[in-house]
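So you know, we letter chains A, B, ... as the sequences are listed, proteins then strands, and number each from 1.
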Number of protein chains: 2
Amino acid sequence: MSQTVDRALSILPLLAEGPADLGQVADRLGVHKSTALRLLRTLHEHGLVYRQSDQRYRLGARLFALAQEAMENLDIREIAHPHLVRLNEACGHTVHLAVYEENEVLYIDKVESRYPVRMYSRIGKPVAITVAAVAKLLLADLPEPERRAVTDQLDYPMYTARSTPNAEAFRRELATVREQGWATDLGGHEESINCVAAPVRGADGRVVAAMSVSAPNVVVTAEELLTLLPLVRRTADAISGEYSGRTPIKETT
Amino acid sequence: MSQTVDRALSILPLLAEGPADLGQVADRLGVHKSTALRLLRTLHEHGLVYRQSDQRYRLGARLFALAQEAMENLDIREIAHPHLVRLNEACGHTVHLAVYEENEVLYIDKVESRYPVRMYSRIGKPVAITVAAVAKLLLADLPEPERRAVTDQLDYPMYTARSTPNAEAFRRELATVREQGWATDLGGHEESINCVAAPVRGADGRVVAAMSVSAPNVVVTAEELLTLLPLVRRTADAISGEYSGRTPIKETT
DNA sequence: CCTGACTGTTGCAATATGTGCAACGCTCAT
DNA sequence: ATGAGCGTTGCACATATTGCAACAGTCAGG
């Protein structure tokens, strides 16, 4: 809608791939160098872009700070966090909280396992949407047309033999998940890691987030992990209750 | 330099404080609602801004993805990571890697302690610049005028009784650090946590990053932690060597 | 030491671009 | 039903953005 801003913002993903100099940026944007220069300058003033010693540009520190701040201000996260911690204390495994947003599912909180063997994940990182237990819950609750659209346009990488192979299989799985109100990922992302997940619902019953407990085979078997399902669901419900209770909007203006 | 972009980018920190509706954004930008709307739309198209169910805007998922991607593409980080892991395996404590950028110091990598008691920190989060051991190393190496400017304009919060109290004390500390080539933080940020840090240098000898080992009192005393100094310095030097060896620029165009 | 190629940078004039306005549609509460 | 409050659209004006061309600085090679 706004050409200038559009161009400026297009620079960001471009720089995310790696540092680039003025000429490269101008070329890839299809604009004159002087134009690119002015856009980069504006981005620089806002700290979104940084000029390293060799004069090339890369993404700047404020970007990280912004992302952090935004995440810490999510109200679901704030409400859920103590519950996640308590769940972690009870079972010892890694606990995740995730939300869906525009074709992506991302972790917004995490409490690390107390066992030495830990799974790899990072807050803010988009999750493997076709296999993760939390992703299934979040997608299962989308309105039908959107769910169809999203599942159609997804890639279905075979991380392991048990990964979701294609859109149809995924939609069947989502139907099951919607029905039962919880989800699992049994080695669909990494061979040796299993997850159990439950949904957090808002006042209107819509799923606003999902939480999961993950543990590697070497610590507990899939069956043992499933034992935790009631506890996970209870925790998720507790968060739902608290979340839909009041809407604590900050109006400190 | 570019008014439109400038206004659009000003929306981001504003939304980082929390969700806001169109009117609020327009007011705080000092522009007409229709203008704000178009800016927000452009931001939305790029995924930097998300419209939640109550129609209010907040920062979007792509922001997190961008921050992640940018961080993972930092070449120092890539080179350093295996060294950090090895150091962690050797000593068991939390290992951090940090860089300085435009008045901020931020963690760009972290390997978690193998002990159950862990310190709080998060990749991408700006560090307590006046007390952190890594911050001291990075600031100590700035050219004198810039160092003066930065240290002057900083706040000096007293996290603990041993925090750096003011600019002068800080500059004295920085002088010492520059002299000795390593730094510590002994309970200056959190009473019970100590750190030892060493600098990573580029080919020209300038400090490009700093790494630290942190551990709480309950696990090892400050003296025991200092025992690790030679190991930390050796690791930092190894990274320096590898980093200044070649400049592995990605040119996969 | 000079030359030429390359990069980033600035001033300027033309016009495409973004702006504020006013009117519309919508939802929600009274 | 009625009105207030919000987001949204079309339009005419003029401002802010653009590409150009010329400049400055750096580096490599002859």
Is the backbone of [Y] close enough, under 3.5 Å, to the side chain of [X] for a donor and an acceptor to pair up by distance?
X	Y	answer
Glu242(A)	Ile239(A)	no
Gln52(A)	Asp54(A)	no
Ser240(B)	Arg201(B)	yes
Arg147(A)	Ala140(A)	yes

The criterion is ring-ring contact (aromatic ring centres under 6.0 Å, His included); which residues satisfy it with Phe170(A), sequence neighbours excluded?
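In terms of ring-ring contact (aromatic ring centres under 6.0 Å, His included), with neighbours along the sequence ignored, Phe170(A) is linked to Tyr156(A).
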
Round to the nearest Å and state the distance from [X] atom [atom1] to [N] atom [atom2].
X	N	atom1	atom2	value
Tyr57(A)	dT9(C)	OH	P	5 Å
Leu40(B)	dT9(D)	CG	P	14 Å
Gln55(A)	dC6(C)	CD	C1'	12 Å
His44(A)	dG8(C)	NE2	P	15 Å
Gln24(B)	dG7(D)	CD	C1'	14 Å
Leu37(B)	dC21(C)	CG	C1'	15 Å

Enumerate the residue pairs fulfilling salt bridge (charged side-chain N to carboxylate O under 4.0 Å, His left out) with a member in residues 170-182 of chain B, sequence neighbours excluded, ordered by first and then second residue.
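Counting only pairs at least two positions apart or across chains, the salt bridge (charged side-chain N to carboxylate O under 4.0 Å, His left out) contacts touching residues 170-182 of chain B are Lys136(B)-Glu173(B), Asp152(B)-Arg171(B).
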
Please list all pairs passing the salt bridge (charged side-chain N to carboxylate O under 4.0 Å, His left out) test where one or both residues lie in residues 33-43 of chain A, with sequence neighbours left out.
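Applying salt bridge (charged side-chain N to carboxylate O under 4.0 Å, His left out) to every pair that reaches into residues 33-43 of chain A, excluding sequence neighbours, yields nothing.
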
Each nucleotide in nucleotides 10-24 of chain D should get exactly one letter: B, S or -. Can you fill that in based on protein heavy atoms under 4.0 Å?
------SSBBB----

Which angle, to the nearest 10 degrees, lies between the helix axes at the two ends of the helix from dC1(C)-dG30(D) to dT30(C)-dA1(D), each defined by five pairs?
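Here the helix ends are tilted 40° relative to one another.
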
Which residues pass the salt bridge (charged side-chain N to carboxylate O under 4.0 Å, His left out) test with Glu104(A), sequence neighbours left out?
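Checked Glu104(A) against salt bridge (charged side-chain N to carboxylate O under 4.0 Å, His left out); zero matches.
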
